[in-house]
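The chains referred to below are lettered A, B, ... by the order of the sequence lines, with proteins before strands, and numbering in each begins at 1. Treat the numbers as computed from the prediction; the structure is a model and nothing was measured. Heavy atoms only: backbone and side chains are in, while hydrogens, waters and symmetry mates are out.
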2 protein chains.
Amino acid sequence: MLTQTLNTQVHGSTIAPATHPVSDQFGAITGHVGLVASEFSYRKDEEIYGEDEPAEYVYQVVSGAVRSYKLLSDGRRQIGAFHLPGDVFGLESGATHRLAAEAIIDTTVRLVKRSSLEKAAGTDVQVARKLWAMTAGELRHAEDHMLLLGRKTAMERVATFLLEMDRRLAVAGMMALPMCRRDIGDYLGLTLETVSRALSQLHSQGILGFSGARQIVLRNRQRLHNLDA
Amino acid sequence: MLTQTLNTQVHGSTIAPATHPVSDQFGAITGHVGLVASEFSYRKDEEIYGEDEPAEYVYQVVSGAVRSYKLLSDGRRQIGAFHLPGDVFGLESGATHRLAAEAIIDTTVRLVKRSSLEKAAGTDVQVARKLWAMTAGELRHAEDHMLLLGRKTAMERVATFLLEMDRRLAVAGMMALPMCRRDIGDYLGLTLETVSRALSQLHSQGILGFSGARQIVLRNRQRLHNLDA
DNA sequence: CGTGGATTTGAACTTATTCAATGTGCGTGG
DNA sequence: CCACGCACATTGAATAAGTTCAAATCCACG
């Protein structure tokens with residue numbers, strides 16, 4: 001909730017790692033308009049913002065990982081997205097955050113004031129177009145995820161998840177997952193036990209290898225694709 | 001797929017019925033920039049556009065109803081949204097439609113070329129802002145729906161559905177659902193039988209009344225809210 | 001009025017969940 | 001450097017929720 005003093009600095013450092021193939025979405029805006037970006041860090045499990053809180057900042061993950069989620073009154077949780085280094089999150093067209101956000105592990109973000117983005121968008125049509133494109137990208141992910149949550153089997157969901165994480169954070173053919181089994185379950189609409197069972201089955205079939213529960217190597221992406229509906 | 005000749009006409013007629021409380025989103029754009037809108041009609045179950053097809057037009061329902069959906073290779077279907085009179089659909093930031101769209105019943109739409117909206121957005125920041133806000137509105141719905149699909153029980157999903165439809169299309173306290181039980185199931189991530197059983201249970205509890213399977217009266221919105229997590 | 005798709009209802013079944021116990025490994029401190 | 005402790009993960013067995021398959025009923029429409 002940003003109670004500490006911000007370490008304000010002019011933007012400009014490169015964050016997106018070489019393994020993240022998309023262009024630096026944040027830089028595409030801040031660089032274009034010369035906005036000031038700050039950095040901030042959160043510890044594991046610390047809240048970055050709450051659901052329905054005013055959307056004062058837009059964030060980009062520098063290092064670490066973030067989960068965005070909604071809760072039901074009895075505590076059931078649906079994680080809508082994981083945000084990894086280079087990803088922008090917390091961007092809203094309206095006044096408030098639609099999902100809460102928490103650091104999954106110790107995390108550093110860059111952030112800019114929403115108001116300065118709004119102002120830039122009011123001046124520069126290119127910025128406005130970019131903001132729209134970023135929200136549209138989130139919508140695309142949500143649409144794909146609705147299909148997963150509504151219609152895929154447990155094994156298909158886990159296969160989809162592994163391929164997504166492989167694409168987004170694999171380095172040298174290996175994934176270091178920042179999130180626990182419960183987070184994965186809450187992302188896939190499953191229990192942590194069902195996620196664990198699916199991973200064990202993939203392991204026993206030689207489709208993936210473990211070096212620690214969160215270090216995964218995909219040994220056969222094709223078979224994983226086949227399992228993914 | 002728009003093979004017939006379009007009945008081109010200047011926009012201006014009011015479409016959103018009095019029961020649809022939001023402002024006319026289409027008019028907010030076309031009126032502002034003076035774009036030309038056309039009308040077109042589709043018969044029940046006719047495709048309006050396919051998944052991954054180039055997004056040439058943006059649509060607004062004049063009368064009827066539309067379903068947007070994705071399919072898995074084996075035919076499993078996830079409906080992402082129902083579009084009712086006044087609703088805009090088919091708006092994309094990228095080049096292609098991310099979901100397919102079909103008329104649920106005989107339906108008339110207004111449409112404008114995507115290229116003319118793009119052009120207007122390049123000139124007028126207000127238009128650009130409005131396009132962003134419309135996509136953000138779709139994202140919000142998708143985020144709420146992910147929570148439903150990932151974490152709500154069958155009865156909670158049906159209760160949520162009824163309250164959504166009540167809000168969007170109730171006239172004089174009564175809903176005339178345009179879609180069949182299978183559509184509802186594919187929207188809620190359930191089978192049509194499960195939807196039917198939930199509705200029967202709500203009927204037997206006096207929470208709703210039927211006059212024909214698709215004419216529903218909510219008799220106790222509070223109890224329905226209580227069933228909705 | 002009859003007809004056929006749509007809906008409801010029933011019963012067996014499947015999948016994933018729940019509850020419980022065991023196992024693993026990482027980080028910390030001795 | 002090794003051992004300990006605890007959070008995390010795995011595995012098992014019983015249960016529950018929703019699906020599947022089947023049959024009966026309902027209506028909307030011609």
Query raised in the report: With a 4.5 Å limit on heavy-atom distance, are the side chains of Leu202(B) and Leu162(B) in contact?
Result: yes
Report summary line: DNA chain D nearest-nucleotide lookup for Ser211(B) and Arg214(A): closer to the 5′ end is Arg214(A)
Report summary line: chain B reaches DNA chain D, atoms under 4.0 Å from its heavy atoms, from dG18(D) to dA28(D)
**Report entry** is_close_aromatic(His83(A), Tyr59(A)), centroid dist under 6.0 Å
**Finding:** no
Requested in this report: Name all residues meeting the salt bridge (charged side-chain N to carboxylate O under 4.0 Å, His left out) criterion together with Arg67(B); count only those two or more places apart in sequence or in a different chain, and write none if there are none.
Outcome: Asp45(B), Glu102(B), Asp183(B)
Query raised in the report: What does the inter-axis angle of the helix from dC1(C)-dG30(D) to dG30(C)-dC1(D) come out as, five pairs per end, nearest 10 degrees?
Result: 40°
Query raised in the report: Arg214(A) side chain to Pro178(A) main-chain N or O, any donor-acceptor pair under 3.5 Å?
Result: yes
Report task. Check DNA chain D against residues 151-165 of chain B and give the residues with a non-hydrogen atom under 4.0 Å, in numerical order. Result -> Thr153(B), Ala154(B)
Query raised in the report: Does one side chain, of Thr135(B) or Thr135(A), offer a donor that lies under 3.5 Å from an acceptor on the other?
Result: no
Report summary line: The correct set of residues in residues 177-200 of chain B placing a heavy atom under 4.0 Å from DNA chain D is Gly189(B), Leu190(B), Thr191(B), Glu193(B), Thr194(B), Arg197(B)
Query raised in the report: Just by modelled atom types, is the Lys44(A) backbone N or O under 3.5 Å from a matching donor or acceptor in the Asp106(A) side chain?
Result: yes
Report task. Could you grab the distance from atom CD1 of Ile79(A) to atom CZ of Arg182(A), nearest 0.5 Å is fine? Result -> 10.0 Å
Query raised in the report: Between Gln201(B) and Ala198(B), is there a donor-acceptor pair closer than 3.5 Å when you use the side chain of the first and the backbone of the second?
Result: no
Please list, for nucleotides 3-5 of chain C, all pairs of protein and nucleotide N/O atoms separated by less than 3.5 Å.
none

Query raised in the report: Can Arg168(B) and Met175(B) be said to form a side chain to side chain contact (heavy atoms under 4.5 Å, CB included), step by step?
Result: CA-CA 9 Å; Arg168(B) 293 176 62 191; Met175(B) 274 181 279; over 6 Å; no
Report task. Flag the pair Arg219(A) / Ile207(A) as yes when at least one side-chain heavy-atom distance between them is below 4.5 Å, and no otherwise. Result -> no
Requested in this report: Return the value, rounded to whole Å, for the distance between atom NE2 of His203(A) and atom P of dT24(C).
Outcome: 13 Å
**Report entry** Pair Asp228(B), Thr160(B): side-chain N/O donor-acceptor within cut-off below 3.5 Å
**Finding:** yes
Requested in this report: Indicate yes or no for a side-chain donor-acceptor contact from Glu164(B) to the backbone of Phe161(B) under 3.5 Å, with no hydrogens or angles considered.
Outcome: no
Query raised in the report: Parallel under 30°, tilted from 30 to 60°, perpendicular over 60°: which one fits the rings of Tyr187(B) and His141(B)?
Result: parallel
Query raised in the report: Side chains of Leu190(B) and Val158(B): does their closest heavy-atom pair fall under 4.5 Å?
Result: yes
Query raised in the report: Looking only at side chains, do Tyr69(B) and Glu143(A) share a donor and an acceptor under 3.5 Å apart?
Result: no
